[in-house]
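Because the structure is a prediction, the values reported are computed rather than measured.
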Amino acid sequence: MRLDKYLADAGAYTRKQAQALVRAGRVLVAGAVVKNPAQMVSDGHQVLVDGQIILRDAQLYLMMHKPAGVLTAARDRNAPTVSAYLPPLYLKRGASPVGRLDKDVTGLLIFTTDGELNHRLTSPKRGVDKTYLASVDGVLAESDVLAFEKGLDLGDFTARPATLEILQLSQARVTVCEGKYHQVKRMFEAIGKPVITLKRLSMGGVLLDETLLPGQTRPLTADEIATLRQSAQMEEP
Ligand code: URA
């Protein structure tokens, strides 16, 4: 297999990034610097980038800028799903979304093959923070900040305390540590200011890369993976 394909298959780099790393002389194959991305890698050859071993079957950690109008599901008979936007290589390797975003909700959606991390990030027990940008119908007030902070009564349950930062009359950043069905929409509904648009900006300390266009995906950096693992209270491997 070509070296650039090997690196892209490993999931830490896009094919373009892999080619740039190889040309920059940062990649060793079987102990020697290789500067040609088309060089073939044989089974058993060790591949290193900046001294770190790259395994082709390593876990995948990705972020997608989820577009509107797309379901967070593997497939659906009637609507497009996020699978249509995930590069086939990642789909084939079994990368799954970490939690869900509603069809109309945009922004950060993390995918991984790491089942343990996925489970921990979505477990209600751990209460990993998620931040959203919400535009609402109505004018937000200081009393709403207090209501979010206190914990809103949503009928079937009381939401855990959340942080509301008013940015404009009808726009706010909201941080919640739960992920119940339609949670954020229901919270704004409860204060009589329904959500018009909702975009997830961050999860577990990892921010949406705003250079990604809706529908685009990129591998998480090593720092982003470490941040997520910390949020999930996982030991470093
Ligand atoms: N809250 C919602 O209401 N919808 C989402 O997709 C995520 C959080």
Side-chain angles (χ1 to χ4, degrees), residues 8-9 11-18 59-114 117-118 121-122 128-137 162 164-165 167-168 170-189 193-221 223-225 227-228 231:
D9 278 10
Y13 310 102
T14 62
R15 189 89 167 232
K16 255 196 182 146
Q17 287 171 332
Q59 301 278 21
L60 293 175
Y61 303 93
L62 313 162
M63 73 161 75
M64 177 186 285
H65 185 163
K66 180 192 172 290
V70 172
L71 291 176
T72 309
R75 61 188 79 81
D76 188 87
R77 271 206 256 159
N78 304 313
T81 70
V82 288
S83 300
Y85 292 87
L86 207 59
L89 159 70
Y90 301 142
L91 259 187
K92 212 168 63 194
R93 292 272 310 277
S96 310
V98 178
R100 282 169 182 274
L101 290 177
D102 296 338
K103 189 175 175 188
D104 60 319
V105 175
T106 61
L108 178 67
L109 189 58
I110 291 172
F111 287 79
T112 185
T113 51
D114 183 337
L117 180 70
N118 196 333
L121 288 173
T122 49
V128 168
D129 277 349
K130 286 143 302 241
T131 300
Y132 297 84
L133 181 67
S135 295
V136 301
D137 184 4
L164 184 71
E165 296 166 76
L167 304 175
Q168 289 175 27
S170 301
Q171 193 184 62
R173 219 173 4 232
V174 57
T175 300
V176 296
C177 61
E178 294 169 299
K180 297 224 171 67
Y181 190 56
H182 293 331
Q183 169 116 16
V184 175
K185 289 178 185 165
R186 290 185 64 192
M187 288 165 78
F188 281 105
E189 203 64 62
K193 295 164 192 178
V195 163
I196 299 171
T197 63
L198 193 63
K199 176 182 183 182
R200 182 150 67 194
L201 303 177
S202 75
M203 179 175 205
V206 171
L207 307 185
L208 174 68
D209 179 344
E210 294 283 358
T211 68
L212 288 177
L213 297 172
Q216 287 185 330
T217 299
R218 73 151 168 83
L220 295 188
T221 63
D223 280 352
E224 288 168 339
I225 296 168
T227 300
L228 268 191
S231 298

Please find the pair of heavy atoms, one from [X] and one from [Y], that lie closest to each other, and give the distance.
| X | Y | answer |
| --- | --- | --- |
| Tyr90 | Pro219 | OH-CG, 3.8 Å |
| Arg200 | Leu109 | NH2-CD1, 3.7 Å |
| Leu121 | Ser231 | CD2-CB, 4.5 Å |
| Val206 | Leu220 | CG1-CD2, 4.3 Å |
| Leu71 | Ala79 | CD1-CB, 3.8 Å |
| Ala95 | Leu60 | CB-CD1, 4.3 Å |

Using only atom types and a distance under 3.5 Å, with no angle test, would you say the side chain of [X] pairs donor to acceptor with the backbone of [Y]?
| X | Y | value |
| --- | --- | --- |
| Lys130 | Val174 | no |
| Arg93 | Asp9 | yes |
| His65 | Leu212 | yes |
| Gln171 | Gln168 | no |
| Arg100 | Thr72 | yes |
| Lys66 | Val105 | yes |

Spacing of [X] atom [atom1] and [Y] atom [atom2] [to the nearest 0.5 Å]:
| X | Y | atom1 | atom2 | result |
| --- | --- | --- | --- | --- |
| Leu228 | Asp223 | CG | CG | 11.5 Å |
| Ser135 | Leu167 | OG | CG | 9.0 Å |
| Thr211 | Gln216 | OG1 | CD | 7.5 Å |
| Ser202 | Leu208 | OG | CG | 9.0 Å |
| Leu201 | Tyr132 | CG | OH | 10.0 Å |
| Glu224 | Met203 | CD | CE | 14.0 Å |

Pair Thr175-Thr131, side-chain hydrogen bond (donor to acceptor under 3.5 Å, both in side chains): steps then yes or no: CA-CA 4 Å; Thr175 300; Thr131 300; 2.9 Å; yes

Is there side-chain contact between [X] and [Y], with heavy atoms separated by less than 4.5 Å?
| X | Y | result |
| --- | --- | --- |
| Thr106 | Leu198 | no |
| Pro194 | Phe188 | no |
| Thr113 | Ser96 | no |

Worked check of side chain to side chain contact (heavy atoms under 4.5 Å, CB included) between Leu108 and Leu207: CA-CA 8 Å; Leu108 178 67; Leu207 307 185; over 6 Å; no

Thr217 vs Leu86, side chain to side chain contact (heavy atoms under 4.5 Å, CB included): CA-CA, chis, key distance, verdict: CA-CA 7 Å; Thr217 299; Leu86 207 59; 4.0 Å; yes

Pair Tyr61-Ile110, side chain to side chain contact (heavy atoms under 4.5 Å, CB included): steps then yes or no: CA-CA 7 Å; Tyr61 303 93; Ile110 291 172; over 6 Å; no

Lys185 and Asp102 ion-paired at < 4.0 Å: yes

Verdict with reasoning, Thr221 to Arg218, per side chain to side chain contact (heavy atoms under 4.5 Å, CB included): CA-CA 9 Å; Thr221 63; Arg218 73 151 168 83; 4.2 Å; yes

Residue Arg186 excluded, over 12 heavy atoms near CZ under 6.0 Å: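 Buried by this count: over 12 neighbours within 6.0 Å.
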
